[in-house]
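Because the structure is predicted, anything quoted here is derived from the model rather than measured.
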Amino acid sequence: MSEPSPRIRNFKNGGKKDEEENRRRRNEVNVELRKARKEDQLMKRRQVTQEGELDPSELTPTPTFNPVEILSKLQSHDRDTQFSAVQGIRRILSKERQPPIEMVINAGIVPHLMKYLQLSQDQKIQFEAAWALTNIASGSSEQTKVIVDAGAIPLFIKLLTSPLTNICEQAVWALGNICGDGPDYRNLTIKHGIIPPLLSLVKQKTNISFVRNITWVLSNLCRNKNPATPLEAIKQLLPDLIELVYNEDKEVVTDACWGLSYITDGTEDRIQLVIDYRNRLFSRLDTLLRCGVVSVITPALRTVGNIVTGDDEQTQRVIESGLLKNFPALLQHHKMSIQKEAAWTISNITAGLVSQIQAIIDEGIVPLIVKVLTHGDFKAQKEAVWAVTNLTAGGTIEQISLLVFCGVIPPLCDLLTSKDADVLIVILEALANILKAADTVNQTLDICRLIEEAEGLDKIEQLQKHVSENVYQMALSIIDKYFSEDGAEEQTIAPKVSEQ
């Protein structure tokens with residue numbers, strides 16, 4: 001068994017059904033992670049005024065929203081009155097827990113803010129208008145659309161070259177909210193030329209909060225898959241994104257890693273773009289996987305996991321880099337979400353070549369996958385099940401025997417009570433593969449005994465009543481072939497290997 005079975009190749013690279021299943025599982029993980037980390041890395045961010053900021057305007061109470069009064073001030077010919085109105089809007093949108101974005105829009109204030117955004121001769125009022133519009137862009141897609149339709153994107157991109165840092169940073173923040181709204185506005189900012197001036201800002205010596213915002217915008221430019229970011233745009237920003245991974249600030253590194261994870265969560269040509277920088281990137285990922293900070297480990301691990309969803313050669317680059325040595329610790333991490341991500345990554349490596357499965361074995365990872373299968377939460381167990389099943393489908397007899405020796409059968413049988421039909425199918429496939437492998441070396445009775453001792457036979461018999469046709473058929477097939485009287489008789493009279 002020198003090459004992986006056709007099913008394994010299909011699971012990882014070729015077959016449409018299995019490839020879609022693999023991508024679907026990654027989409028689910030993305031959603032779960034976004035919910036779990038909430039404030040760690042948001043698509044949109046509202047700028048609020050923090051306590052202690054040295055702005056004299058914040059020493060007075062936040063004004064109440066009076067549309068008639070504000071519109072009157074906005075239309076005044078007195079610049080101080082105009083400034084007071086714009087600043088009042090900004091403060092209302094910044095301080096309230098649920099800012100009245102919709103009320104501001106419905107009052108017809110956005111066109112006035114757009115006018116003041118272009119008032120370069122009065123940079124104080126320009127800054128306040130930019131801040132207010134940034135917070136409107138942090139709202140719903142419909143609210144963001146209002147300022148985009150009003151022409152905000154080219155105006156904010158122009159402000160990226162402003163000589164004033166506060167205005168430039170505000171433009172970065174606003175554009176981050178706009179391109180974070182979804183792929184359409186992301187692509188529109190790219191079409192209007194956001195990338196060159198943004199990358200120019202990366203190379204400047206700026207304060208750390210500014211660098212964080214720039215990195216967050218770069219990450220948002222890589223986000224979303226339907227459609228994915230244009231390949232030429234990725235080629236433009238990737239070198240700077242990789243350099244940002246080397247930044248000493250945790251938030252910068254986190255957002256840079258999420259950007260890399262978005263790029264690698266795609267087709268093999270996109271994965272290859274990242275691999276081409278492996279001499280610079282992989283050593284840093286190696287460090288980050290051991291850094292002990294969950295918010296950093298998660299996107300770094302996701303990037304590695306996404307890379308090994310590529311073809312066998314791309315997976316091999318990860319193995320050759322030595323990154324696998326981090327996985328014993330990751331599979332025993334105190335955070336179950338890290339265990340789950342690590343097990344998912346291993347499942348894509350065990351879907352590869354026999355030599356790649358052997359690399360997993362050589363790093364001592366198989367017993368730890370069995371441990372996750374036994375003690376992990378259900379989400380981690382599901383990924384471990386996939387890792388096991390892929391190994392049984394594409395591994396050699398010796399590799400499958402090691403898996404059995406590590407005690408994989410009892411936890412597999414324990415999970416046969418799962419309510420998840422898809423998981424049951426994968427478990428039954430693993431058991432069928434193990435039994436088939438045992439058959440070739442005349443050890444079927446030993447495996448059947450292990451399954452019975454783990455109460456697996458009773459559970460498989462019960463699955464013959466399962467509502468899922470696929471579960472029923474797989475359970476029936478295992479019972480008929482290995483546990484029925486006819487099957488047992490065939491096993492008894494089968495000649496031993498040495499007698500053939």
Side-chain angles (χ1 to χ4, degrees), residues 1-9 11-12 312 315 319 324 327-328 331 343 345-376 381 383-416 425-457 459-460 474 477-479 481-483 487-488 490-492 494-500:
M1 195 184 299
S2 60
E3 291 294 327
S5 70
R7 179 193 172 277
I8 292 301
R9 289 198 178 279
F11 173 82
K12 190 164 187 179
D312 290 333
T315 300
I319 294 172
L324 279 184
F327 278 79
L331 287 165
T345 302
I346 297 303
S347 76
N348 278 300
I349 299 176
T350 58
L353 303 171
V354 166
S355 60
Q356 293 171 344
I357 293 174
Q358 190 60 43
I360 295 293
I361 292 171
D362 292 344
E363 288 293 343
I365 288 172
V366 170
L368 298 173
I369 285 290
V370 174
K371 185 177 178 181
V372 173
L373 196 64
T374 306
H375 301 294
Q381 287 175 320
E383 302 304 335
V385 166
W386 274 103
V388 165
T389 301
N390 290 343
L391 191 156
T392 64
T396 64
I397 298 297
E398 291 77 13
Q399 290 169 340
I400 297 171
S401 296
L402 174 67
L403 190 60
V404 173
F405 179 78
C406 290
V408 76
I409 287 179
L412 283 177
C413 292
D414 287 343
L415 286 170
L416 286 173
I425 290 169
V426 180
I427 295 169
L428 290 170
E429 186 172 349
L431 292 172
N433 290 339
I434 292 170
L435 285 162
K436 182 180 178 181
D439 227 4
T440 65
V441 291
N442 201 31
Q443 292 182 2
T444 312
L445 290 177
D446 292 333
I447 298 300
C448 287
R449 189 178 302 112
L450 287 174
I451 291 173
E452 287 191 62
E453 288 173 354
E455 301 180 357
L457 177 56
K459 293 168 185 173
I460 295 171
M474 290 192 71
S477 174
I478 290 172
I479 295 293
K481 189 167 184 178
Y482 300 105
F483 293 98
E490 289 176 9
Q491 295 163 25
T492 302
K496 296 188 180 293
V497 176
S498 61
E499 296 173 351
Q500 289 182 326

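- In this structure, the side chains of I360 and F327 stay at 4.5 Å or more apart for every pair of heavy atoms.
- To the nearest 0.5 Å, atom CD1 of residue I434 and atom CD of residue Q443 are 12.5 Å apart.
- I361 is listed as a side-chain neighbour of I357, based on a closest heavy-atom distance under 4.5 Å.
- Contact check for L324 versus I346: side-chain heavy atoms found under the 4.5 Å cut-off.
- Between I427 and T389, every side-chain heavy-atom pair lies at or beyond the 4.5 Å cut-off.
- Between G395 and I400, the shortest heavy-atom distance links the atoms O-CD1, 3.9 Å.
- Counting only distance, with no hydrogens or angles, the side chain of T315 and the backbone of I349 share no donor-acceptor pair below 3.5 Å.
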What donor-acceptor contacts under 3.5 angstrom involve side-chain atoms of residues 447-455, with partners at least two apart or in another chain?
from	atom 1	to	atom 2	distance (Å)
R449	NH1	D446	OD1	3.0

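- For the atom pair CG of L431 and OH of Y482, the computed distance is 11.0 Å after rounding to the nearest 0.5 Å.
- We find the NZ-CG distance between K371 and L331 to be 10.0 Å, quoted to the nearest 0.5 Å.
- In this structure, the side chain of Q399 does not engage the main chain of L391 through any donor-acceptor pair within 3.5 Å.
- Listed here is the closest heavy atom pair of K459 and L416: CB-CB, 3.9 Å.
- Inspection of the S347 and N390 side chains reveals no N or O donor paired with an N or O acceptor under 3.5 Å.
- Rounded to the nearest 0.5 Å, atoms CG (L353) and CD (Q358) are 12.5 Å apart.
- Between V388 and A430 the shortest heavy-atom distance is CG1-CB, 4.3 Å.
- A side-chain contact (heavy atoms from CB on, under 4.5 Å) with T392 is found for one member of L412, N433, L435 and no other, namely N433.
- Test I369, V366, L373 against C406 for side-chain contact (heavy atoms from CB on, under 4.5 Å) and you get one pass: V366.
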